[in-house]
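Residue numbers begin at 1 in each chain, while the letters A, B, ... track the order of the sequences.
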There are 2 protein chains.
Amino acid sequence: MPKQGTSLTIADLNGDAPCCPPLARGRVPAETAAVLAPAFKALGDPVRLRLMSMIASAEGGEACVCDLTPAFDLTGPTISHHLRTLREAGLVDAERRGTWVYYRARPGILRQLAALLTVEPATGP
Amino acid sequence: MPKQGTSLTIADLNGDAPCCPPLARGRVPAETAAVLAPAFKALGDPVRLRLMSMIASAEGGEACVCDLTPAFDLTGPTISHHLRTLREAGLVDAERRGTWVYYRARPGILRQLAALLTVEPATGP
DNA sequence: TCTCTGATTCGACGGTCGTCGAGACAGGCG
DNA sequence: CGCCTGTCTCGACGACCGTCGAATCAGAGA
């Protein structure tokens, strides 16, 4: 179960716990905002958004850095830096297998963020 | 209809056009990422996330700056700056009525962002 | 063991961000 | 009209961010 009492961390948002009712449903508490905002911030860069998409949509659910890097006009260290940002935001996991490192999306967090942004289909009855 | 050919802007994402298939469905093109990332970036600050929530969940669908400001330990200019950021990201609209200014959420963009983050309920068959 | 390749860390640079105080603008009211 | 209240703009400051090259680490293979 998630820890209680002390400060929340992004790691507690893995499952489908009802931590985050829709943003338009009621005020997001300051503590919750402090936990969620870094995830949106990590998504707030075009390069990271594309990286996230490439990882999440890769077949097998994972992508190798060696496949990610050549898709951008950026140096290896820069891509590595962006991947670290995504990892520290709790959006992806990394695993080394031999020479290569594979990144994998964390669907739980993505679901939480999507749920937070969910809006009723229409304002009608 | 949305303009075509030239560069896309956030204003073209108002309706429910299928501009944004889920992130995990396929690679987000660089152009799309450049348009969407600023919206996530705007949500990437705890103060703005709370402001967005307060506006979206306000009764009547709108919130007055005079009700927003006292909820934070920040000066008026700072709150105004954050509201401007949300406005320039296309997330809210502002309207002046007499002395007061009211902010209102734009559900279309919120829906697009939520759709982008949507993940299948499970990896099952 | 040595070397080679893939990935990360480190240090540095210019640019942007969040915050503030001071001042300007807008509208209501005496 | 003048004043007051609410909101925004402007300039400034320290902190953080995106990018790079150089150096370092981790494995694989000769």
Next on the checklist: Testing Asp45(A), Leu113(A), Leu43(A) one by one against Phe40(B) for a side chain to side chain contact (heavy atoms under 4.5 Å, CB included), which residue passes?
Outcome noted: Leu43(A)

Checklist entry - Are Glu62(B) and Arg97(B) ion-paired here, with the side-chain N under 4.0 Å from a carboxylate O? => result yes

Next on the checklist: Tell me whether the side-chain N/O atoms of Arg48(B) come closer than 4.0 Å to OP1 or OP2 in dG18(C).
Outcome noted: yes

Next on the checklist: Distance to the ring centre below 6.0 angstrom and angle to the axis at most 45 degrees; does that hold for Arg96(A) and Tyr102(A)?
Outcome noted: no

Checklist entry - Whole-Å distance between dA7(C) P and Glu95(A) CD? => result 14 Å

Next on the checklist: Test side-chain contact (heavy atoms from CB on, under 4.5 Å) on Phe72(B) and Arg50(B); report intermediate values, then the result.
Outcome noted: CA-CA 10 Å; Phe72(B) 300 86; Arg50(B) 289 172 63 196; 3.6 Å; yes

Item to check | Intermediate values then yes/no, side-chain contact (heavy atoms from CB on, under 4.5 Å), Arg106(A) and Ile109(A) | outcome: CA-CA 6 Å; Arg106(A) 294 165 73 118; Ile109(A) 314 259; 4.2 Å; yes

Next on the checklist: Rounded to whole Å, please give me the gap between CZ in Arg87(A) and P in dT9(C).
Outcome noted: 6 Å

Next on the checklist: Could you walk me through whether Glu95(B) and Trp100(B) satisfy the side-chain contact (heavy atoms from CB on, under 4.5 Å) test, starting with their C-alpha distance in whole Å, then the side-chain angles of each, then the deciding distance to 0.1 Å, before giving a yes or no?
Outcome noted: CA-CA 9 Å; Glu95(B) 182 193 356; Trp100(B) 295 279; over 6 Å; no

Next on the checklist: With a 4.0 Å limit, can you tell me whether Lys41(A) has a side-chain N or O closer than that to the phosphate oxygens OP1/OP2 of dC17(D)?
Outcome noted: yes

Checklist entry - Does Tyr103(B) have a side-chain nitrogen or oxygen under 4.0 Å from the phosphate oxygens OP1 or OP2 of dC8(D)? => result yes

Checklist outcome for this item: Here the distance between atom P of dT19(D) and atom NE2 of His82(A), to the nearest Å, is 4 Å

With 3.5 Å as the limit, what N/O pairs link the protein to nucleotides 25-30 of chain C?
none

Item to check | Protein-nucleotide distance (Leu43(B), atom CG; dG18(C), atom P), rounded to Å | outcome: 12 Å

Item to check | Side-chain heavy-atom pair Ile55(B), Leu83(B) within 4.5 angstrom cut-off | outcome: yes

Next on the checklist: Please enumerate all residues that pass side-chain contact (heavy atoms from CB on, under 4.5 Å) together with Ala94(A), with sequence neighbours excluded.
Outcome noted: Arg87(A), Val101(A), Tyr103(A)

Checklist entry - Rounded to whole angstroms, how far apart are CG on Leu83(A) and P on dT8(C)? => result 6 Å

Checklist entry - Whole-Å distance between dC8(D) C1' and Tyr102(B) OH? => result 17 Å

Checklist outcome for this item: Leu51(A) CG to dA7(C) P, in whole Å, measures 13 Å

Checklist entry - To the side chain of Trp100(B), which of dT19(D), dC8(D), dG6(D) is closest? => result dG6(D)

Checklist outcome for this item: Picking from dT7(D), dT8(C), dA7(C), the nucleotide nearest the side-chain atoms of Cys64(A) would be dA7(C)

Protein-nucleic acid N or O pairs under 3.5 Å, nucleotides 20-23 of chain D:
residue, atom, partner, partner atom, Å
dC20(D), OP2, Thr75(A), N, 3.0
dC20(D), OP2, Thr75(A), OG1, 3.2
dC20(D), OP2, Thr78(A), OG1, 2.9

Checklist entry - To the nearest Å, how far apart are Leu86(A) CG and dT8(C) C1'? => result 15 Å

Item to check | Evaluation steps, side-chain contact (heavy atoms from CB on, under 4.5 Å), between Leu49(A) and Thr32(B) | outcome: CA-CA 10 Å; Leu49(A) 199 52; Thr32(B) 306; over 6 Å; no

